[in-house]
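Only a predicted model underlies this, so the values are computations on that prediction, with no experimental measurement involved.
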Amino acid sequence: MSGAIPVIDGHNDLAWRLRMQGLPAEMNATGLHTDLPRLRKGGVRAQFWSVYVPCAGPESAATVKVLEQIDLVRRLIEAHPDHLALATNAGEVERIADSGRVASLLGAEGGHCLDDSLGVLRGLYQLGVRYLTLTHGRNTNWADSATDEPKVGGLSAFGVEVVRELNRLGMMADLSHVAPSTMHAALDVSTAPAFFSHSSARALCDHPRNVPDDVLARVRDTGGVVMVTFVPFFLNEACRQWGDELYRVEDAIPAEYGSPEFERLQREWIAANPCPPSSVRDVADHVEHVRDVAGIEAVGIGGDFDGTEVLPEGLEDVSAYPVLFDELRGRGWSDAELRRLGWDNTLRVLRDTCG
């Protein structure tokens, strides 16, 4: 396998995993998908670290937690200065990657952390956050989620203000997790390229988190990027149906999401009810569908490592990106096309939006 193709990955949930394990400055905890040697082996030269917090509870509490998550990632970077460095724009990404370190960017997953405040949004930008996923699994007061009942029909008037402020700041409006109505409403307003940090193609798997073809056409027209994810629920129909059942089980677990007790009960259920098979071939199919509809310049990678309990065969951790490249190479992709997928496309969107 070749490790020559550099990777900028759109979404990794290591920070939440570390928070739940009480290891805020460690990258060698057991049972995780991510550590420094495997990042290096996978060719990861830039990573968007998700500063995710759950939707449960008051939004003001989410604001506190997202600040703590930013602090966690920044302390993680400071603990490994020979391997990681904070990046906030494309030029810094290139400089840090050229130095042999992983350029570390911040992405806030879920607009509930704003507590309906543009001031909080501006504060997140000042702390280095360079994308905001407009929703997570539930609606905000101003934007509809893909996995909740419609509330405002896409974006409210305040939601439009959020997108405009993201544009003004130079911060990406991440459309993963939002409803198609919200995707279209945001694209109607935004002057920046479309951006999806970790989503796949709905034409191949009818999960509401995936991107429909009519939106992929708008991604093409804006010069945007869809960073295809590795989560099996979004890759094939058998896994999607299994994932729906897992969500119902998780909702009934009487423990904090991500806590050791939650994960113990979750893993017990998974062991007794294993996920149907998925593989690197499924991911490659989604990559090629996005390419076919939106163009070769519109596809990237957002693995969602440490944000899912199950992964496709062959893509078990952050060392495995070359496995995907080898699969695509076998389908006729050139190294120049693979570099667009792994690096060039997302770096261009980052430069066009954030500088």
Q. So, are E78 and R74 salt-bridged, with charged N and O less than 4.0 Å apart?
A. no
Q: I would like to know whether R218 and D214 meet side-chain contact (heavy atoms from CB on, under 4.5 Å); could you show each step before the answer?
A: CA-CA 7 Å; R218 299 191 70 178; D214 62 339; over 6 Å; no
Q) Which word best sums up how the rings of F305 and Y321 line up, parallel for under 30°, tilted for 30 to 60°, or perpendicular for over 60°? A) perpendicular
Q: Using the rule that two of Ile, Leu, Val, Met, Phe, Trp, Tyr join whenever any of their side-chain heavy atoms come within less than 4.5 Å, decide whether L166 and V349 are in one cluster.
A: no
**Q.** Residues R339 and D335 bridged, charged N to O under 4.0 Å
**A.** no
Q. Would you call E92 and R130 a salt bridge, taking side-chain N to carboxylate O under 4.0 Å as the test?
A. no
Q. Is a salt bridge present between E165 and R168, judged by a nitrogen-to-oxygen distance below 4.0 Å?
A. yes
Q.
Let's go through N167 and S190 carefully: what are the C-alpha distance in whole Å and the side-chain angles of both, what is the deciding distance for side-chain hydrogen bond (donor to acceptor under 3.5 Å, both in side chains) to 0.1 Å, and is it a yes or a no?
A. CA-CA 7 Å; N167 288 167; S190 180; 3.2 Å; yes
Q) Out of curiosity, does V231 fall in the hydrophobic cluster containing W16 (side-chain heavy atoms, cut-off under 4.5 Å, transitive links)? A) no
Q.
Is a donor from one side chain sitting under 3.5 angstrom from an acceptor on the other, for E250 and W269?
A. no
Q | D344/R351 ion pair, N-O < 4.0 Å | A | no
Q. Considering all heavy atoms of both residues, which atom of P180 and which atom of P212 are nearest to each other, and what is their separation?
A. CG-CG, 4.1 Å
(Q) R138 vs H112, test: side-chain contact (heavy atoms from CB on, under 4.5 Å). Steps then yes/no. (A) CA-CA 9 Å; R138 299 180 186 174; H112 55 289; over 6 Å; no
Q.
Determine whether D306 and T34 satisfy the following criterion, side-chain hydrogen bond (donor to acceptor under 3.5 Å, both in side chains), listing intermediate values before the conclusion.
A. CA-CA 7 Å; D306 287 306; T34 309; 2.7 Å; yes
Q: Decide whether D174 and S197 meet the rule of one side-chain donor and one side-chain acceptor closer than 3.5 Å.
A: yes
Q: Kindly work out whether a path of hydrophobic side-chain contacts (I/L/V/M/F/W/Y, heavy atoms less than 4.5 Å apart) joins L347 to L39.
A: no
(Q) Could you check whether S199 and S176, counting side-chain N and O atoms only, form a donor-acceptor pair closer than 3.5 Å? (A) yes
Q.
Less than 3.5 Å apart, any donor N or O on the side chain of E297 or N345 sitting next to an acceptor on the other?
A. no
Q. Quick one: which of D144, N139, N141 gives a side chain to side chain donor-acceptor pair (under 3.5 Å) with K151?
A. N141
Q) Between H136 and Y52, what is the ring plane arrangement, given parallel below 30°, perpendicular above 60°, and tilted in between? A) tilted
Q.
Would L127 and L67 count as a side-chain contact (heavy atoms from CB on, under 4.5 Å) here? Give the steps.
A. CA-CA 9 Å; L127 290 171; L67 294 175; 3.6 Å; yes
Q. Going only through I, L, V, M, F, W and Y residues with side-chain contacts under 4.5 Å, is there a path from L132 to V226?
A. yes
Q) Is it true that the side chains of R202 and H207 contain a donor and an acceptor less than 3.5 Å apart? A) no
Q) Could you walk me through whether I96 and V102 pass the side-chain contact (heavy atoms from CB on, under 4.5 Å) check? A) CA-CA 7 Å; I96 292 164; V102 177; over 6 Å; no
**Q.** Side-chain ion pair, R38 and E316, N-O less than 4.0 Å
**A.** no
Q) Side chains of N12 and H33: do they bring a donor and an acceptor to under 3.5 Å? A) no
**Q.** Ion pair K65/E68, N-O distance below 4.0 Å
**A.** no
Q. Salt bridge check: are E245 and R248 linked by an N-O gap of less than 4.0 Å?
A. yes
**Q.** Check: N236 side chain, S278 main-chain N or O, donor-acceptor pair, under 3.5 Å
**A.** no
Q) Are S319 and D317 close enough that a side-chain donor and a side-chain acceptor fall under 3.5 Å? A) yes
Q | Electrostatic pair R291:E288 at N-O distance under 4.0 angstrom | A | yes
Q) Can you say whether the rings of F48 and F195 are parallel (under 30°), tilted (30 to 60°) or perpendicular (over 60°)? A) tilted
Q.
Quick check for you: to the nearest 0.5 Å, what is the distance between T229 atom OG1 and H286 atom NE2?
A. 10.0 Å
